[in-house]
Q: 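Dropping a structure here in structure tokens format, bear with me for questions.
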Number of protein chains: 2
Amino acid sequence: MEVRTLARRGATPSRADESAETRQAILRAARELFMANGYRAVSTRQIADACGLTQPALYRHFSDKQELYAAVLEEELDTMRLGLERIHARNLGIAEQLRQVIRFMPTTRQDLAQMFHDIAHELDQETHARLQVAFERSMIAPLAAIFADGIHNGVLRDPAHGGVPPVAAAYLLLGMLQRPTGHTDRERGGLASLEQRAEMIVSMMLHGLLASDARDNTAAGHTTGSRDT
Amino acid sequence: MEVRTLARRGATPSRADESAETRQAILRAARELFMANGYRAVSTRQIADACGLTQPALYRHFSDKQELYAAVLEEELDTMRLGLERIHARNLGIAEQLRQVIRFMPTTRQDLAQMFHDIAHELDQETHARLQVAFERSMIAPLAAIFADGIHNGVLRDPAHGGVPPVAAAYLLLGMLQRPTGHTDRERGGLASLEQRAEMIVSMMLHGLLASDARDNTAAGHTTGSRDT
DNA sequence: CCTACCGATCGGTAGG
DNA sequence: CCTACCGATCGGTAGG
């Protein structure tokens, strides 16, 4: 939106072009800093430094820190939505779709949990509500659509027969996408590489952890009653 | 540790008693604030106010803000460890153990994700390493022990035969324990109540989401290839 | 354990 | 878009 002057190609850019470019530079710097460190840990001066501006210059493009953060998040969520909808549209079978979702998500967004916290705790009520809606539309809805398809196809268990509702499945998958901890790549039980991680999550989500002979003993959700040896 | 004077019961408390009580009051106030809002969002003055002290008085009991936070977390992690080990010791069958874990965890700790972030990003290298170890010993190890038992009992699939390693399963379960989002109790696909939540997580972790007739088609982890209708 | 106070840093504004 | 600067708040210290 608001891209008027594409007339003079290669000519000296108009003031509007320059302003738009500066705005983009700010958004890019802010995205990197906010995503890595969270809302509170990033100062407006750091963002300005990262794109060669003075701190007060930011306020020419964004009314305050919160609005800048909201703009970053809305851009980020839009990228997610596009990627997830693209994966969904490919209809490849649930296992492969989930694998692609898992590979796609963490590259765009390192620390999902931090984002949730900031949305819920660092913004005023109005901005919070706005971003909450964007989050549900961009992440929950596309993921839930994938699970809903699986149910309608009969590949996944229906919620009416002990299955998990699509929206709930979306939230649980999102939870598992958060990286184990810190960045010490020690023993994570094989969760180190993205590929292993994807396989484990898909395997657990679709097949469960039960051994085949133990299956359908506990179908109603009661005690398994297994003892030692 | 360091509880010397239990001699005079009911008498005027010694200075050491008073000091220990003050320390506990600080820890209690700090725990509530840190757990609800995160490390950075809580000021030392807020903590002092919450227990009727002036801010500099905190430094009689803790060398700095970071040490106070570390003390809170270590106490919290210890509570977790005790609870999880108790559940494990009950050996009730994997389904019931998981249910109890899910019911136990969020009451003690509302926002696990925030804790991870603070440990990784807000503390110096030394404190980070110390708490990382405590976290793995208090949360990952007990959870992994539950899954390891299940594998040894033959209830859970062995990692050598497509199962998920215990430590990886522990991390995935932890991820799913984080509450959906904010505190708007709207549509969460049935994840609203703790009890429903527990049932869904257990059902997905143990049985998977696949419909029974679709099972073992995708066992090797390749495409399911389901199309519409 | 209090009063008083420190330097640093924060988000944001004035004025050009 | 810059310089200069604001009040507020931060974690922590001095000194008693």
Q: Considering only D:dG12, D:dC2, C:dG12, which nucleotide approaches the side chain of B:R45 most closely?
A: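 Comparing D:dG12, D:dC2, C:dG12 against the side chain of B:R45, the answer is D:dG12.
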
Q: Separation of B:D49 atom CG from D:dC10 atom P, in whole Å?
A: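 Going from B:D49 (CG) to D:dC10 (P), I get 10 Å.
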
Q: What's the OH-P distance between A:Y59 and D:dC2, to the nearest Å?
A: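 So the two atoms are 14 Å apart, to the nearest Å.
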
Q: Is C:dC6 paired to anything, Watson-Crick or G-U wobble with both distances less than 3.5 Å, and if yes, which nucleotide?
A: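 Pairing partner: D:dG11.
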
Q: Output yes when at least one side-chain N/O atom of A:T54 is less than 4.0 Å from OP1 or OP2 of D:dC2, else no.
A: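 True: A:T54 side-chain N/O within range (under 4.0 Å) of D:dC2 OP1/OP2.
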
Q: Measuring from the side chain of A:L53 (C-beta onward, heavy atoms only), which nucleotide among D:dG11, D:dC2, D:dC10 has the closest atom?
A: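 Selected nucleotide (nearest to the side chain): D:dC2.
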
Q: Output the single nucleotide from C:dG11, C:dG16, D:dG11 whose closest atom is nearest the side chain of B:Q55.
A: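 The nucleotide sitting nearest to the side chain is D:dG11.
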
Q: Looking for any heavy atom pair under 4.0 Å, which part of the strands does B:S43 touch: base, sugar-phosphate only, or nothing?
A: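 Answer is sugar-phosphate: B:S43 comes under 4.0 Å of backbone atoms only.
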
Q: Looking at B:F116 versus B:F135, is the centre-to-centre ring distance below 6.0 Å?
A: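 Yes.
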
Q: If I take atom NZ in residue A:K65 and atom P in nucleotide C:dC10, what distance separates them, rounded to the nearest angstrom?
A: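 Result: 9 Å.
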
Q: If you assign each of B:A41 and A:E18 to its closest nucleotide in DNA chain D, which residue comes earlier from the 5' end?
A: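 Per heavy-atom nearest nucleotide, the more 5' residue is A:E18.
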
Q: Grab the CD1-C1' distance between A:I47 and C:dG11 for me, whole Å please.
A: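 Atom CD1 in A:I47 sits about 11 Å away from atom C1' in C:dG11.
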
Q: Whole Å only: how far is the CZ atom of A:R60 from the P atom of C:dG15?
A: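 Rounded to whole Å, this separation is 15 Å.
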
Q: Which base, if any, makes a Watson-Crick or G-U wobble pair with C:dC1, both distances under 3.5 Å?
A: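 Its partner is D:dG16 (Watson-Crick or G-U wobble, both distances under 3.5 Å).
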
Q: Does B:E195 pair with B:R99 as a salt bridge, N-O distance under 4.0 Å?
A: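 Not counted as a salt bridge, because no side-chain N and carboxylate O are separated by less than 4.0 Å.
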
Q: Ignoring the backbone of A:H61, work out which of C:dC2, D:dC1, D:dG11 is nearest its side chain.
A: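 My answer, after comparing the listed nucleotides, is D:dC1.
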
Q: Closest to the B:P56 side chain: D:dC1, D:dG16, D:dA14?
A: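 Selected nucleotide: D:dA14.
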
Q: Do the charged groups of A:R90 and A:E96 touch, with an N to O distance under 4.0 Å?
A: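 Here A:R90 does not pair with A:E96 in a salt bridge, since their nearest N and O are not under 4.0 Å apart.
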
Q: Checking contacts here: which listed nucleotide (C:dA4, D:dT3, C:dG11) is nearest the side-chain heavy atoms of A:T44?
A: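 Of all the options, the side chain of A:T44 is nearest to C:dG11.
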
Q: Grab the CD-P distance between A:Q66 and C:dG11 for me, whole Å please.
A: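 Distance check: A:Q66 CD to C:dG11 P gives 12 Å.
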
Q: Salt bridge check, A:R130 against A:E126: does any charged N sit closer than 4.0 Å to a carboxylate O?
A: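 Answer for the salt bridge query: no.
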
Q: Can you tell me how far C1' of C:dT3 sits from CG of B:L58, to the nearest Å?
A: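 In whole Å, C:dT3 C1' lies 15 Å from B:L58 CG.
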
Q: Please determine, for the side chain of A:A57, which listed nucleotide (D:dC1, C:dG12, D:dT13) has the closest atom?
A: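 For the A:A57 side chain, the nearest candidate turns out to be D:dC1.
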
Q: Nearest whole angstrom, please: distance from the P of D:dG12 to the CZ of B:F62.
A: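 Taking atom P of D:dG12 as the reference, CZ of B:F62 is at 13 Å.
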
Q: Any side-chain donor paired with an acceptor under 3.5 Å for B:D118 and B:Y69?
A: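 Short answer, yes.
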
